[in-house]
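In the text below, chain A, chain B and the rest are named by the order of the sequence lines, each starting its count at 1. Everything quoted here is computed from the prediction, not taken from an experiment.
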Amino acid sequence: MLRDITIGQYYQAKSPIHALDPRVKLVGTMVFLISLFIGRNVIMYAVATAFLAAVIKVSKVPFKFMVRGLKSIVFIAVFSAVFNLFLTEGTPIVQFGIFKLTWEGIEMAAFMVIRLIYLIIGSSLMTLTTTPNDLTDGLEKGLGFLNKIKVPVHEIAMMMSIALRFIPILIEETDKIMKAQIARGADFEHGNIIQRAKAMIPILVPLFVSAFRRANELATAMEARCYHGGEGRTKMRPLRYKAKDVKAYLILAAYLVLMIAIKMLRNGALV
Amino acid sequence: MLRKENDNLEDIIKAENLTFEYYRRDEEGNVEGITTAVDNISLTVKKGDFVAVLGHNGSGKSTFAKHINALLYPTEGTLFVNGIDTTEEERLLEIRQSAGMVFQNPDNQIVCTLVDEEVAFGPENIGVPSEEIWERVEKSLKAVGMFEYRNASPNKLSGGQKQRVAIAGIVAMKPKCIVLDEPTAMLDPSGRKEVMKVLHELNKKEGVTIILITHYMDEVIDADKVFVIDGGKLVMQGTPHEIFSNVEQLKELRLDVPQVTELAFELKKAGVNLPDGILTHEEFIRALSRVVKSGGA
C-alpha cells in the first residue's frame with residue numbers, strides 16, 4: 001500500500017522543455033513568478049497566459065497533471081477571493097452591513113485567484129519536466145555562488161539526493177515494520193486520533209533506529225570511497241549550457257522585457 | 001594525480017603487530033573496560049592474490065578490514081597499504097583509492113539513484129575528468145556484467161546485482177586491492193554465486209588483489225591464502241588445503257568445514273585411508289576410488 005507513493009511528480013516525455021538545462025527552468029520559473037507580481041492589468045495577464053499556455057503546449061505534459069497541484073490551494077484561493085471581494089474599497093454594487101461588494105473588489109479577487117493558480121501551474125511545470133536528480137544538480141550549480149557566503153550548497157544538494165535514494169527504501173521498511181507489528185496484534189485502524197497517534201510509536205521507534213544505522217553505514221561507505229565534500233570533485237554529467245538553453249534564456253528575457261514595457265506604458269491605466 | 005611510486009612493491013598489505021583497542025562505556029559514558037578487537041596481528045598479502053579471512057562473528061575480522069581502508073587506525077603497530085602507512089593523514093585518499101572496500105549491506109552503500117551515477121561516485125570524488133569517468137563506468141560495469149542495467153534504479157535490482165554494482169563502483173576507482181566485508185552474507189545462493197564469480201574474474205583478468213572477509217567455508221576453497229582470526233588474534237594461516245587439513249583445530253574455533261572435508265575427516269577417523277584436506281567433491285571421489293581400488297578400506 002505504501003509502495004504506491006511516488007516522490008516528486010516527474011512526467012516522462014520527450015519535449016524541448018524536458019531537455020533544457022535545469023538551471024534554465026529554475027530561472028524561468030523565477031522570471032515567471034516575478035512577472036506575475038510586477039503588475040496587475042489585463043494585457044499583462046493576457047501575455048502571461050499566452051506564455052504559460054505556449055510552454056505547457058511545448059512541454060507535452062497533459063493539462064490534467066497541472067490541475068492536480070491546484071487542489072491544495074483551493075482553500076487559500078477561496079479565502080483570499082472572499083476577503084478581496086468584500087473588503088476592497090470602491091464603488092459598491094451590493095451592500096450587507098459593513099460588507100460591500102465592489103467592482104474594484106471583483107477585479108482584485110479575480111487577479112488574486114488567477115495569480116495563485118498561475119503560481120502553482122508555473123512551478124509544477126518545472127517539477128513535472130525535471131527529474132528530482134536534475135533539479136538537485138541544477139540547484140547545486142545554480143546556487144553555487146552562495147558558497148562564497150559560506151552556505152554549504154554541495155552538502156545540501158548531496159543530502160537531497162541521498163534522501164531521494166532512501167525514501168523508497170524507508171517506505172518499504174515502514175511497510176515491513178507495520179506488518180510485523182500487526183502480526184503481533186498492533187491496531188492502527190481503530191480509536192480516536194490520540195490513540196492512533198500512540199499506535200504509531202511502535203512503528204516510528206524501530207524506523208528511526210534503522211534509519212540512523214543506515215545513515216552510519218552509508219557515511220562509512222562514502223568515506224571509504226574517498227568522499228570528502230564538494231572540493232575537487234568532478235562530475236560524470238557536468239551541467240553545460242547548450243545552444244537551446246541560450247535560446248530559452250533569450251525568450252525568457254524577451255518575455256520579461258515585454259511585461260515590464262507593458263507595465264510602464266499602461267502605468268496607472270487599469271489599477 | 002596520485003603518485004605511482006609503489007607499483008613494484010610485492011606486498012600490497014603488510015601488518016606489523018597490528019593492535020586495535022576500544023573502550024567499552026556504560027550508560028553514563030564511564031569507561032568500563034578495554035576490548036582488544038585486533039590483537040597483535042602480523043601478516044602480509046601478496047599483490048594479485050585472492051585472500052580469504054575467516055572468523056566467526058565478533059572475531060575482529062571486520063575491524064581488521066576497516067584498518068586496510070584507513071577507516072580505523074591502529075592503537076599499536078603499523079599497517080602498510082601499498083607501502084603507505086595508513087596513519088599518514090595527508091595520503092588518506094591515496095590509501096582509500098588503492099584499497100577499495102565493499103560492505104555487507106548492498107542497500108546501505110549505494111549513494112546514487114542511477115546505476116551509472118553510482119559507479120561514477122568514486123571517480124568523481126577523486127577528481128577524474130568527465131570523459132574518463134564515462135570510460136571507467138562502462139569498463140567496470142562490463143567487468144561485473146551489469147552494463148545493460150546502467151540506466152536502472154538500484155532499488156529495482158536484486159541483492160546480488162546491487163552488490164555487483166557496488167563492486168563496479170570500487171573497480172571504477174582502479175584500486176590495487178579490494179577488501180570485501182562479508183559481501184554475500186545478505187544474499188540468496190544465486191546472488192552469492194554471481195558475486196563470487198565476479199570476484200574471481202576480477203582477480204584473474206585484472207590482477208586485482210582480493211581480500212574476502214567471510215564465514216562461508218565454500219567461498220574460501222578457491223582462495224590462494226587463508227587467514228583465520230579468532231578473538232582478535234591470527235590463529236591460522238596457509239593455503240585452503242593446509243587450513244582444512246586441520247579439521248580439529250577449526251572445530252575448536254567454532255568454524256565449519258566444507259561438507260566433503262568433514263566427511264573425509266570422519267571416514268579417516270573411522271580408519272579409511274584418505275589424505276588430509278580434501279576440499280572438493282572431485283578430489284574426494286578420486287581419493288576414495290583410489291582407496292577402493294587398492295582394497296584398503
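- Chain B is approached within less than 4.5 Å, heavy atom to heavy atom, by A/H228, A/G232, A/R233, A/T234, A/K235, A/M236 from residues 228-236 of chain A, ordered by number.
- With a 4.5 angstrom heavy-atom cutoff, B/E135 does not touch chain A via any of its atoms.
- A salt bridge does not link B/R25 with B/E32: none of the charged nitrogens is closer than 4.0 Å to a carboxylate oxygen.
- Only the backbone of B/P123 comes within less than 4.5 Å of a heavy atom of chain A; no side-chain atom from C-beta onward does.
- A salt bridge between A/D175 and A/K179 is present, with a side-chain N of the basic residue lying under 4.0 Å from a carboxylate O of the acidic one.
- Both the backbone and the side chain of B/D107 come within contact range of chain A, with heavy atoms under 4.5 Å apart.
- A/Y227 and B/F121 have their aromatic ring centers within a separation under 6.0 angstrom.
- Contact of B/I110 with chain A is made through backbone and side chain together, with heavy-atom distances under 4.5 Å.
- At a 4.5 Å heavy-atom cutoff, the contact between A/I169 and chain B is made by side-chain atoms alone.
- Of the listed residues (B/I133, B/V102, B/V137), the one with the most heavy-atom contacts under 4.5 Å to chain A is B/I133.
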- Message: salt bridge (Lys or Arg N to Asp or Glu O under 4.0 Å), that's the test. Do A/K141 and A/D134 meet it? Break it down for me.
- Response: CA-CA 10 Å; A/K141 192 103 189 244; A/D134 281 348; over 6 Å; no
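- Note on B/E138 versus B/K142: salt bridge recorded, some NZ/NE/NH1/NH2 to OD/OE distance being below 4.0 Å.
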- Passes salt bridge (Lys or Arg N to Asp or Glu O under 4.0 Å), A/K242 versus A/D21? Steps please. CA-CA 8 Å; A/K242 299 187 192 82; A/D21 189 296; over 6 Å; no
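- Between B/R91 and B/E88 there is a salt bridge, with a side-chain nitrogen of the basic residue lying less than 4.0 Å from a carboxylate oxygen of the acidic one.
- Comparing B/E131, B/Q104, B/Q109 by how many heavy-atom pairs each has under 4.5 Å with chain A, the most go to B/Q109.
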- Message: Determine whether A/Y255 and A/V31 satisfy the following criterion, side chain to side chain contact (heavy atoms under 4.5 Å, CB included), listing intermediate values before the conclusion.
- Response: CA-CA 9 Å; A/Y255 167 73; A/V31 165; 4.1 Å; yes
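- Ranked by heavy-atom pairs shorter than 4.5 Å toward chain B, the options A/A221, A/P238, A/A219 are led by A/A221.
- When each of B/C112, B/G100, B/P175 is scored by its heavy-atom pairs under 4.5 Å with chain A, the top score falls to B/C112.
- Remark: B/R192 qualifies as a cation-pi partner of B/Y216 under the 6.0 Å distance and 45° angle criteria applied to the six-membered ring.
- A donor-acceptor pair shorter than 3.5 Å can be found between the side chains of B/T35 and B/R24.
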